[in-house]
Every structure is written in structure tokens, then in C-alpha cells.
There are 2 protein chains.
Amino acid sequence: MAPTSGKRRVTITDVALHAGVSTSAVSKVLRNAYGVSPEMRERVRAAMAELDYRPHAAARGMRGRTYTIGVLLDNIRNAFFADILEGVNTELRGGDYQVLIGAAGFGEEDQTRLARALVDRQMDGLILIGPGFPRTEVLRTAATVPTVVIGHHDVAEEHDSVVDADALGAGLVIDHLVRLGHRRIALTSTPGNRGSGWSGTPERVQRRGYHEAMRRHGLQDLARVAMTAFSEEGGYRAGMELLASADRPTAVFGGADVAAMGVFRAARELGLRIPEDFSLAGYNNTAVAALAPVRLTSVDQAGGLMGTTAARLLLERIEGRTRSVLMTVSPSLVVRGTTGPPPATEV
Amino acid sequence: MAPTSGKRRVTITDVALHAGVSTSAVSKVLRNAYGVSPEMRERVRAAMAELDYRPHAAARGMRGRTYTIGVLLDNIRNAFFADILEGVNTELRGGDYQVLIGAAGFGEEDQTRLARALVDRQMDGLILIGPGFPRTEVLRTAATVPTVVIGHHDVAEEHDSVVDADALGAGLVIDHLVRLGHRRIALTSTPGNRGSGWSGTPERVQRRGYHEAMRRHGLQDLARVAMTAFSEEGGYRAGMELLASADRPTAVFGGADVAAMGVFRAARELGLRIPEDFSLAGYNNTAVAALAPVRLTSVDQAGGLMGTTAARLLLERIEGRTRSVLMTVSPSLVVRGTTGPPPATEV
DNA sequence: GTACGTGTGTAGAACGTTCTCCGAATTGAA
DNA sequence: TTCAATTCGGAGAACGTTCTACACACGTAC
């Protein structure tokens, strides 16, 4: 058994005794419930302060709320998630709720296990960021506890959704590159074994947007997509595949900033200068993109806004809203140093 | 009240009924406790599987453990923390414990509040990464629940400690730069209002190591430290201050990779080429340092190892160890493209 | 004088576990 | 046969809250 050495916790009973009232009364004060006179409220408050009382969340969880919100994500290394979380924290700061994050990894089983763990720990609400476990499992979870899904474009009665207009975002990049004079523009994307049942993963919608934009510019025959993982290494391999080929693209749109970094490495290794010989754009506008040695043109998704929105929607759901809501935020292009006109020989 | 719509949870009673035994028996099986026959264990196991039973963590928390470990950190944006967390997760994967992360921000009150929240939520153990709230509060917490502190060199009976040999790490960088021919080597560091009572914060130990190394090389008079925040912006300001001055250093040791990125921006803005005109090194060897456009020379701290170690120590403490343990991991230098000999005019 | 709110407070039964204690059955030794 | 000793299983009291139900005191309207 854990050595809980220290003295016993101060409980609601201690407070009640100290204030000379019933535990019910203390509980009411605690929850701002109806049926307490101002004087009693004051007396109880004083007693709580005097004894340095803090309610035991686990015990509260047995009957009512735990005042805890769980966030599930695959990997905290993804800087975009940090933006979202900052938004969530901003919205919830000062309120009664605490945010606890679970980093599940990319495995389907691990994610499922974490999701269940969050439910078992009696979270009052869940924010799932780009969940990679089966949709049916998500829906089952969402039927039990208020849930907001961030990223996937699939909507459902059971949960709210906060998404980025990814098709539009992809369009922004293509428009920008075409305007610069590029025609052979490739995309790196990921098959995304994101569990089963999701038809609207961000990467898929982004891909759709890419193809639409290429078609819009009459470049559909030049469209080319390299599928790998959204990671530095994945981007590198995709970059190698694309740039070593005969009719090599003059620009690559990395579907995620990390992947773009990998493409960058491939380009450098092949002796291509950026942006003189080759243009590169990313997606998500994570912190790296802005770094002085990087200066990557990218698409900003307003992660902070997505976070605050998700938190607000979740609170509403906890308070009882049942109609589901879809919130779409629109992306914007941030042009930096990695995109420029294609080399003269290509025009 | 939250709409818990779905059907009622499967409880231990349901399992007991279904298996035709008492709840006590089920509980015993659940906890691998003494006093169950193999047949009964099998029967109960089968019932649990059949009903898809999952113990209610909040309820368990009221008497025994919650099988949850809380990690407190200031900001998930710090890529070094990701390394640590990966280590923690690796060690705990497959076990009974779940890891939940709280991102407290840098404020002293916010951190204190989060720490208390974790205790209130009945965590079985706590991992505090570079805590920025008062040491007394940490010690009080550690007296109540098993705790491991990562980063700070201050040791105590109440908790275990996992630290990097930061003085040594600073020495590695200085040695490397001196060997290249540099003499005017500056450091960017942070005052770090990391709560009160900590005398061994990583940055302080690192600073000490820097001064020792400079003295060792007879360069104590050329030592120079710019104090700012460990952030891109902070690094930029420090870089500007150092590089715009008359006797500008030929090399800067950014006390953290992010800060080094800021210094990079300052250098570029002043028209200094790296590493031809000016050398730059970072600390922590975060993911950015390895990126193709960055290639920052940095000090690797083996964050993963720190994480696995911390997790292991914590489990031991939960199992009852009371003697405190200090674990030091040694850093290693990773030389990349941002360091080279000083410009000829300087030698 | 009765009936009916309305506002303020308490009693006490949940909630789903853990764990101490106790009883029954079985075994082994004297 | 009797008496421990050992093993297996269950009863039931916690744990710290929430929340329903109810009691009481005080109007107020008829």
C-alpha cells in the first residue's frame, strides 16, 4: 500500500462539525445549490477556509461530477496540439474544471484503452483530438459522456465537432503556388490508419481539396500524391520519391509541417536550393514553421480558436445541450521564405 | 446534470451476480488478492469478460488505488518534455497504471492549483517536471503521495529525484567551442522565477558549469551571461544584446534550444552567417535541433531515459520504498552545423 | 382557525469499490 | 476421535461525497 503517511484529509464532515451545521449544508454551499441562507453560506465558507478544505474529487465522482475534463491525443510532440490545448486551457482557466491530458500514442488499442480509462475515471467531458480508434467506439463513448471531436469532418448526433476547413486550406496553398508560376505541384499525404469508420479525416479532406484546386487550375493531369507517414522520416522518404523522379515537381505541398521538414532534408540532400530551385509549403503553421532557420510557408489553422471553441461546446454539452454542433474554422495562408517562382527553365 | 443517457455501468455487483459469488470474491480476483481458488478465479474472470466489466476508478480511489499517475509540467510545447513523457509511457505501457498529464503553465499559483488538483483526484503517484511552485509546497505534497521530481538538483527525503548533470553538459559545450578556437563565448540563461526555495534549478547548475568551464580554460574574464526568458523571443532579445555590443562574442551557448533559435534570428537579422561568422549551440537536443534547416549543435540529455527512470522510481515508491533516491543521467554533445571555427580576424 | 405555500435546514440512503473480520469446510497430527 | 491449522468464501462496514425527502417555522389568504 502506498505510504499515505501524512495526516488524514480534511473532509466535509470536519467542515460541518467546525461550522456547526450538517454535511448536507456544506455540500450545498460547495455546489452553490439552492436552499442556504447568506449567513450560513458565510459561516461554512469561513470554516472551509480555516480548515483549508478541498473536496475529494474521487468521492465527488461517485455521485456527481469530478470537475475534470479529459483530452485525448496521439502524441504531444505535435506542436499543433499545443496550440489547441492552450486554447482549451484559456477557456477553462479560472473555472471549476481541470484539464487532464492523455497521450495515447498512435495504436488503435492504446487509444481505445486510454479513452476507456478516461471514462472509468469519471471525466465530466472528453475532447478527442484527431482520434485514431474506431468510430463506433467513439460514438459509444460519446453516448456515455459529453464529447467534442476535433479534426475529423464526420459529424454525429452524439458529439460536437470542431474542424478546420481543410479543403479550403489546401486550395490556399495551390492558388499561391500557381500564382507564382508553378504547375507541377505535388502533395505528401498519409494513408492514416486512423481506426476504422472515419471518412472525413483531415488528411483525406485536404487531399480532396488539393485535387479540386488542381482541377480548378486545369492541372489535374499534373497532380501527384506521395503517401507516407506524417513524420520527419516519412516526409523525407516522400520527398526522395518525388524529387528523384524524372518529371520532378517544382513545388511540394507537405500535408503537415513535420512532413515538410522531411522534404526539406531530401531537397538539401539532392542539392536543391529552396526556394530558388524548388518551393515548399507546409500545413498547420506550427511553431517550427516560424523559426528563423526554417521560415516555412504554411497554412494557419487557428489552433487556439479551435481549442477555446471545443472547450466552450463541451461545457454547453455538460450543462445539458443535446443537439450536436459543428464548428468550422477557416484557415489562412502564411507566406514565408520557402516559396518562390519556379526556376526559369521550367516556366 | 450531465446527460449520462446510455445504460447503467456494469458494476462489481453485476459481475458477482452473474458469476454466482460475492462481491468480495470479485474484488479479490480484481486485485489478485489472497484467498481465491483457481476455479473461482476462472469463473469470475469469465463473468467479467462476458459483461465487459471495467472497474470504476473513482470508486476504487475511495478506498484503494486509482491506478493513475499524474505528470505535472509547465508547457507541453517544450519538446524535451515530450522525450521524457515518451520514456514514462514506455515504462508504464502494459502495466496497470495510466498516465495523465497536467499542463499548468508557468504561474506559481496555477501550478500549485494543479498539483493540489492531482492530489484531490487521488493519483497514486506524481511526476513533477521542473516544478515552478514553492519547494515547501512540493515537499508537503510529496509527504502525502509518492513523488518524483525531474530537473531540480535539490534532493529531499520526501521525494526521489532524476536530474541531468547540467554542469557537465555546459562543460561539454564550452570545451567543444574552445577546441574550435573560440574565446569569447557567451551564455543565455534565465533568472527563472521558478517558485521559491529551489537552489538547484537546471539553469542555475548549468550557469555554474559554464563559469567553471570558462575558468578551467582561463577565460573567466571573457565570460558573459545574458539573462532572459527561455523562449524564442527571449533568445532573440538576448542575442541582440550580445551581438550588437562592441566586443561581441564569437560564439553563443543558448541555455535551451528554443533560446538558441531566437539567437539565430538575431544573428540573421544582423547579417551574421552561421557558422562562418558566428557559432551557436543549444541545450536539450530537442526535435527542432535535428531538423534539416536547423542542424543545431546541442547537448543531448537522454530525456527518454530520464522518463523511464522516473517512472520506475515512482513505482518502487508506490510499492513502499521510503528511502529517497537520486538518479543522475549524463549528457552528451551532438555536433551539427551551427558550430565551427571563429572567423580568421578573431583568432 | 384552517389550509397552503415558501424558505431554510437536516437525515440518511445511495454511489462502487476495498478490506477487515468471521465462519465453514477441509486437512493433518496427536 | 478430537483439536488445531489452513484454506476458501462471504458479510458488511467503511470511504467522502451528492441529493432526495422530509421537518419545521413562518407568513398569507381565505
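Small disclaimer: the values here were computed from a predicted structure and weren't measured. Numbers restart at 1 for each chain; the letters A, B, ... are given by sequence-line order, proteins then strands.
When each of D:dT18, D:dT17, D:dT7 is scored by its nearest atom to the side-chain atoms of A:T11, the top-ranked nucleotide is D:dT17. For B:R60, taking side-chain heavy atoms from C-beta onward, the closest of the listed nucleotides C:dT10, D:dT18, C:dT18 is C:dT18. Set against C:dG9, D:dT18, C:dT17, the side chain of B:Y53 has C:dT17 as its closest nucleotide. When the nucleotides C:dT8, C:dA11, D:dC19 are ranked by their closest atom to the side chain of A:S22, C:dA11 comes out on top. When distances are taken from the side chain of B:S37 to each of C:dT18, D:dG16, D:dG9, the shortest belongs to D:dG9. The side chain of A:I12 lies closest to D:dT18 when the candidates are D:dG9, D:dT18, C:dC15. In the set D:dC19, C:dT17, D:dT17, C:dT17 carries the atom at the smallest distance from any side-chain atom of B:A59.
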- Task: Start with the C-alpha distance between B:R121 and A:T66, add both sets of side-chain angles, then the distance that settles side-chain hydrogen bond (donor to acceptor under 3.5 Å, both in side chains), and finish with yes or no.
- Result: CA-CA 8 Å; B:R121 276 154 191 78; A:T66 54; 5.8 Å; no
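For the pair B:S27 and C:dT17, the criterion of a side-chain N or O lying under 4.0 Å from OP1 or OP2 is not met.
Atom-to-atom, CZ of A:R121 to P of C:dG16 comes out at 17 Å; the value is rounded to the nearest Å. At whole-Å resolution of the value, CZ in B:R65 and P in C:dC19 are 9 Å apart. Going from atom CE of A:M48 over to atom C1' of D:dG16 covers 15 Å, rounded to whole Å. B:Y67 has its OH atom 19 Å from the P atom of C:dG16, to the nearest Å. If you take CZ of A:R9 and C1' of D:dG16, they are 9 Å apart, rounded to a whole angstrom. As rounded to whole Å, 11 Å separates atom P of D:dT17 from atom CZ of A:R54. Taking atom CG of B:L17 as the reference point, atom C1' of D:dG10 lies 14 Å away to the nearest angstrom. Look at NZ on B:K28: it is 11 Å from P on C:dT20, rounded to the nearest Å.
Map B:T23 and A:E39 each onto its nearest nucleotide of DNA chain C; the residue landing nearer the 5' end is A:E39.
Between the base of D:dT18 and the side chain of A:R63 there is a donor-acceptor pair shorter than 3.5 Å. Interface remark: the B:S24 side chain does form a donor-acceptor pair with the D:dG12 base, using a distance-only criterion of under 3.5 Å.
With respect to A:R54 and B:D120, a salt bridge is recorded, a charged nitrogen being found less than 4.0 Å from a carboxylate O.
Between the side chains of A:S199 and A:D154, at least one donor N or O sits under 3.5 Å from an acceptor N or O.
At distances below 3.5 Å, at least one donor-acceptor pair connects side-chain atoms of A:R321 with backbone N or O atoms of A:L313. The closest donor-acceptor contact from the side chain of A:E158 to the backbone of A:A142 lies at 3.5 Å or more, if one exists at all.
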